[in-house]
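The figures that follow rest on heavy atoms only: side chains count, while hydrogens, waters and symmetry mates do not. Just so you know, these numbers come straight off a predicted model, no measurement behind them. Residue numbers run from 1 in the order of the sequence given.
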Amino acid sequence: ILLAVFTLISIAPLAWILLSSFKTNREIMLSAFSLPSSFDFKGYRVALEVSPILRFYGNSLIIATASTILNLLFVSMTAYVFARFEFKGRALMALMISSSLLIPSSALLMPIYRIMVSIHLFDTIIGLILVHTALVLPTSFFVIRSYFQSIPKELEEAAYIDGCGYMKTFFVIVLPLAKSGLSTVAVLQFLMSWNEFMFGYIFISTDQYRTLTPAIMLFKGVNTVDWGGLMAGSVVAVIPVTLIF
């Protein structure tokens, strides 16, 4: 019964947004929680025709996919070294990575902004990919390192005896065994990149490179709000992350 209550609480907002996406502005203003009088797809037509939401959709998909691949590549190699090898300064470096989790992302906004401007990556998809990749690196590092530490070293030693080098052992033996950790990190990275608002809103100033989450704000004007289009855009935005999760 308790789980059913929590499930209802989780599903209710999604169901409310879905039903509201079929309602007109007048219906939403009269009663936000009533059922739509008819299933009107005007909100979806506005989201797809009036605003270039498909372009924003593609930009978010490119950025989220690329940042996920980069995150898995960089973090897996870094975490493997920290999990398997002893070297000078390892504990200090691990402490620095862990301490970065305590810094709120809003505090990083101005330094990252100045870096992006100085290297001419402001208002570019590549710049936002690098930012999204870096933001999840500390969390991904600890998740994957714990998986690597659970893998028996004897498997790698056997691979070395059979003639495998470090690179082949890592890519052929270790990574397949850590696919559960890699998939967990991939989901976390994709969700964060797809849902991220602040950096996408500040670092992208042209519609050509705008991502989906900040673009939903376009349905909100100075004096009016297209609630039907806003709800329809939210439904479209939540579909990929729901499927991937």
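- Using a 4.5 Å cut-off between side-chain heavy atoms of Ile, Leu, Val, Met, Phe, Trp and Tyr, with links allowed through other members, Met96 and Phe74 fall into different hydrophobic clusters.
- More than 12 non-hydrogen atoms from other residues, nucleotides or ligands lie less than 6.0 angstrom from CG of Leu14.
- In this view, Glu154 satisfies the salt bridge (Lys or Arg N to Asp or Glu O under 4.0 Å) rule with no residue, not counting sequence neighbours.
- Side-chain contact of Ser193 with His132: a donor-acceptor pair under 3.5 Å is present, judged by distance alone.
- More than 12 heavy atoms of other residues, nucleotides or ligands sit less than 6.0 Å from atom CZ of Phe142.
- Counting heavy atoms from C-beta on, the side chains of Phe170 and Ser76 come closer than 4.5 Å.
- Taking 4.5 Å as the limit, some side-chain heavy atom of Leu109 sits within range of a side-chain heavy atom of Phe203.
- Using a 4.5 Å heavy-atom threshold, the side chains of Leu182 and Ile144 count as touching.
- Under the 4.5 Å side-chain heavy-atom criterion for ILVMFWY residues, a single connected hydrophobic cluster contains both Leu70 and Ile119.
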Quiz prompt | Residues Glu86, Arg90; criterion salt bridge (Lys or Arg N to Asp or Glu O under 4.0 Å); working and verdict | solution = CA-CA 7 Å; Glu86 295 286 346; Arg90 187 182 72 160; 3.2 Å; yes
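- Looking only at side-chain heavy atoms (C-beta outward), Val81 and Phe87 come within less than 4.5 Å of each other.
- In Leu3, the CG atom is not crowded: 12 or fewer heavy atoms of neighbouring residues, nucleotides or ligands sit closer than 6.0 Å.
- With hydrogens and angles disregarded, a donor-acceptor distance shorter than 3.5 Å links the side chain of Tyr57 to the backbone of Val236.
- The local environment of CZ in Phe148 is crowded, with over 12 non-hydrogen atoms from other residues, nucleotides or ligands closer than 6.0 Å.
- Residues Leu175 and Tyr80 have side chains not in contact (no heavy-atom distance under 4.5 Å, counting atoms from C-beta outward).
- For the pair Ile151 and Arg84, the minimum side-chain heavy-atom distance is below 4.5 Å.
- Remark: the Ser67 side chain and the Gln189 side chain contain an N/O donor-acceptor pair separated by less than 3.5 Å.
- Atom OH of Tyr201 sits in a sparse spot, with 12 or fewer heavy atoms from other residues, nucleotides or ligands closer than 6.0 Å.
- Minimum interatomic distance between Ala94 and Arg145 (heavy atoms only, all atoms of both residues): CB-NH1, 4.1 Å.
- When hydrophobic side chains of Ile, Leu, Val, Met, Phe, Trp and Tyr are connected at separations under 4.5 Å, Phe6 ends up clustered with Leu2.
- In this structure the side chain of Leu108 reaches within 4.5 angstrom of the side chain of Leu135, judged on heavy atoms.
- Enclosure of atom CE in Met77 by more than 12 non-hydrogen atoms of other residues, nucleotides or ligands within 6.0 angstrom is indicated.
- Leu95 and Phe85 fall into different hydrophobic clusters, where Ile, Leu, Val, Met, Phe, Trp and Tyr are joined by side-chain heavy atoms under 4.5 Å apart, directly or via other members.
- Trp194 places a side-chain N or O within 3.5 Å of a backbone atom of Ala237 that can act as its donor or acceptor partner.
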